[in-house]
Chemist: 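My questions will all concern the structure given below.
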Amino acid sequence: MDDQNLDAIQELTKKERRELKRQQKKEERAREQRKSSTMRFFAWALILVLIGGSIWAVLQFVANSGTDVSNVTPQEVTADDWITGNANSSVTLLEYGDFECPACASYHPVLQTLKSEYGDRVAFAYRHFPLSIHPRADETARAAEAAGNQGTFWEMHDMLFERQSAWSKGGNIDDILAGYAEELGLNEDQFRADYNSDEVKGRVEADERAGRAAGVPGTPTFFLNGQAIDSPGNAEEFRNLLNAALNEGA
């Protein structure tokens, strides 16, 4: 092979190498473009999923915590509430409570004292606000409602708070609550049927929705004549608030 042909072959090889490099760069650019397109696709897909999830969460929140609370006024006592004392009083003390809440149980004897002292002058009302951190709060709220169907809401209410340390520790809660109903002289079959009924579950849920609509942060939360008050530290602080409200309405 002469030198001229050798130079031609070398030159051709150089051209081929340059072409190969150009092709490699072209393929790399194409791969980068495909990679970029894929990343943009997944990014948009993720954004759409997040937006869809947010919309769903908002719809769920509206469905579960809207202001339509089946005739329950969030901050004010109505004729549909469980009321003890003077139901016709111009002064109302509404409690949002949870039977498994230790703080609620500690307030129970204070409220019992106040009911005894002001029962002929003040309307005392109770609504359910079972907290998710308390595994038996919903069952006990339903037990009080089921007892209420047989005219003993407040008796079951008192029993649940007074025996909180017993029933909250374990055992079959359904049987425990049925036993309490029997102690109160209730028809056990009716109690169990009401306890598991959609009607009773709906009442508890309506109270809970009303509490959320009223901005209840936890339990116990008290409303005096429709106005939220800081939980008083003792009976005397409660008395001061109740006396002031009574004087205003005099």
Side-chain angles (χ1 to χ4, degrees), residues 71-130 137 140-165 167 177 180-181 183-186 191 194 200 203-204 206-208 210-211 214 216 218-250:
N71 299 322
V72 176
T73 304
Q75 296 99 326
E76 297 178 358
V77 174
T78 74
D80 293 328
D81 283 308
W82 294 110
I83 301 172
T84 188
N86 183 355
N88 298 316
S89 174
S90 60
V91 177
T92 60
L93 182 66
L94 169 63
E95 176 189 3
Y96 279 93
D98 173 330
F99 289 115
E100 199 171 357
C101 166
C104 294
S106 69
Y107 270 95
H108 176 66
V110 174
L111 291 168
Q112 291 294 83
T113 298
L114 295 172
K115 290 171 185 177
S116 176
E117 294 176 2
Y118 291 86
D120 59 343
R121 291 181 289 164
V122 174
F124 295 88
Y126 182 89
R127 286 187 190 156
H128 308 288
F129 199 74
T140 46
R142 289 192 284 118
E145 286 293 327
N149 281 358
Q150 298 188 53
T152 56
F153 173 85
W154 290 105
E155 289 82 354
M156 181 65 82
H157 166 281
D158 296 345
M159 184 178 286
L160 289 170
F161 277 133
E162 290 161 8
R163 301 187 185 182
Q164 184 189 88
S165 61
W167 58 258
L177 295 172
Y180 291 172
E183 283 189 54
L184 293 173
L186 306 184
F191 173 83
D194 290 340
V200 160
R203 286 185 212 156
V204 174
D207 278 4
E208 187 178 359
V216 171
T219 56
T221 293
F222 297 98
F223 290 89
L224 180 60
N225 285 349
Q227 299 297 317
I229 59 173
D230 292 333
S231 297
N234 52 49
E236 190 58 33
E237 292 181 15
F238 261 120
R239 291 188 186 97
N240 292 336
L241 291 170
L242 293 175
N243 289 336
L246 288 166
N247 290 333
E248 287 178 6

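Count residues from 1 along the sequence.
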Chemist: Is the number of heavy atoms from other residues, nucleotides or ligands within 6.0 Å of CG (Asn234) greater than 12?
Modeler: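 Atom CG in Asn234 is crowded, with more than 12 foreign heavy atoms closer than 6.0 Å.
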Chemist: Identify which one of Phe238, Tyr96, Phe124 satisfies the ring pair (Phe, Tyr, Trp, His ring centres under 6.0 Å) criterion when paired with Phe222.
Modeler: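 Among Phe238, Tyr96, Phe124, the one that satisfies the ring pair (Phe, Tyr, Trp, His ring centres under 6.0 Å) with Phe222 is Phe238.
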Chemist: Measuring only between side-chain heavy atoms, which start at C-beta, is Arg163 closer than 4.5 Å to Tyr180?
Modeler: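 Arg163 vs Tyr180: side chains touch.
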Chemist: Testing Leu241, Ile229, Asn225 for side-chain contact (heavy atoms from CB on, under 4.5 Å) with Leu93, which one passes?
Modeler: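 Per the side-chain contact (heavy atoms from CB on, under 4.5 Å) rule, the option paired with Leu93 is Ile229, out of Leu241, Ile229, Asn225.
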Chemist: Taking all atoms of both residues into account, what is the closest heavy-atom pair of Phe129 and Glu208, and its distance?
Modeler: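 Heavy atoms only, the tightest pair is CE1-O, 3.5 Å.
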Chemist: Take the angle between the ring planes of His128 and Phe153 and call it parallel below 30°, perpendicular above 60°, tilted in between.
Modeler: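 Because their plane-to-plane angle is over 60°, the rings of His128 and Phe153 count as perpendicular.
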Chemist: For the residue pair Ala210 and Arg127, what are the closest heavy atoms and their distance?
Modeler: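 Minimum heavy-atom separation between Ala210 and Arg127: CB-NH1, 4.4 Å.
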Chemist: Would you name the heavy atoms of Phe99 and Thr140 that are closest together and state the gap between them?
Modeler: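 Nearest pair, atom of Phe99 first, then Thr140: CB-OG1, 3.5 Å.
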Chemist: Report yes if some heavy atom in the side chain of Met159 is under 4.5 Å from a heavy atom in the side chain of Thr152; otherwise report no.
Modeler: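 Side-chain contact under 4.5 Å: no.
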Chemist: Can you measure from CD (Glu117) to CD (Gln112) and round to the nearest 0.5 angstrom?
Modeler: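 Going from the CD atom of Glu117 to the CD atom of Gln112 covers 12.0 Å.
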Chemist: List the atom of His108, the atom of Asp158, and the distance in Å for their closest heavy-atom pair.
Modeler: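 Distance-wise, the nearest heavy atoms are CE1-OD1, 3.2 Å.
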Chemist: Under a 4.5 Å cut-off applied to non-hydrogen side-chain atoms, are Leu94 and Thr221 in contact?
Modeler: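 They are not in side-chain contact.
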Chemist: Please check if any side-chain donor atom of Trp167 sits under 3.5 Å from a side-chain acceptor atom of Glu100, or the reverse.
Modeler: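 Per modelled atom types, Trp167 and Glu100 side chains form no pair under 3.5 Å.
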Chemist: Testing the basics here: between Ala103 and Ser106, what is the closest heavy-atom pair and its distance to 0.1 Å?
Modeler: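 Answer, listing the atom of Ala103 first, then Ser106: O-OG, 2.6 Å.
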Chemist: Would you call Glu236 and Arg239 a salt bridge, taking side-chain N to carboxylate O under 4.0 Å as the test?
Modeler: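 Result for this pair is yes, salt bridge flagged.
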Chemist: A side-chain contact here means heavy atoms from C-beta on lying under 4.5 Å apart; do Phe191 and Met156 qualify?
Modeler: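 Heavy-atom side-chain distance check passes, below 4.5 Å.
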Chemist: In this structure, are over 12 heavy atoms from other groups packed under 6.0 Å from Glu237 atom CD?
Modeler: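 It does: Glu237 CD has more than 12 such atoms within range.
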Chemist: Any heavy-atom pair between the side chains of Asn86 and Val91 that's under 4.5 Å?
Modeler: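 No, every pair of side-chain atoms sits at 4.5 Å or beyond.
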Chemist: Ignoring hydrogens, what is the shortest heavy-atom contact between Asp194 and Ala146? Give both atom names and the distance.
Modeler: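 Answer, listing the atom of Asp194 first, then Ala146: CB-CB, 3.8 Å.
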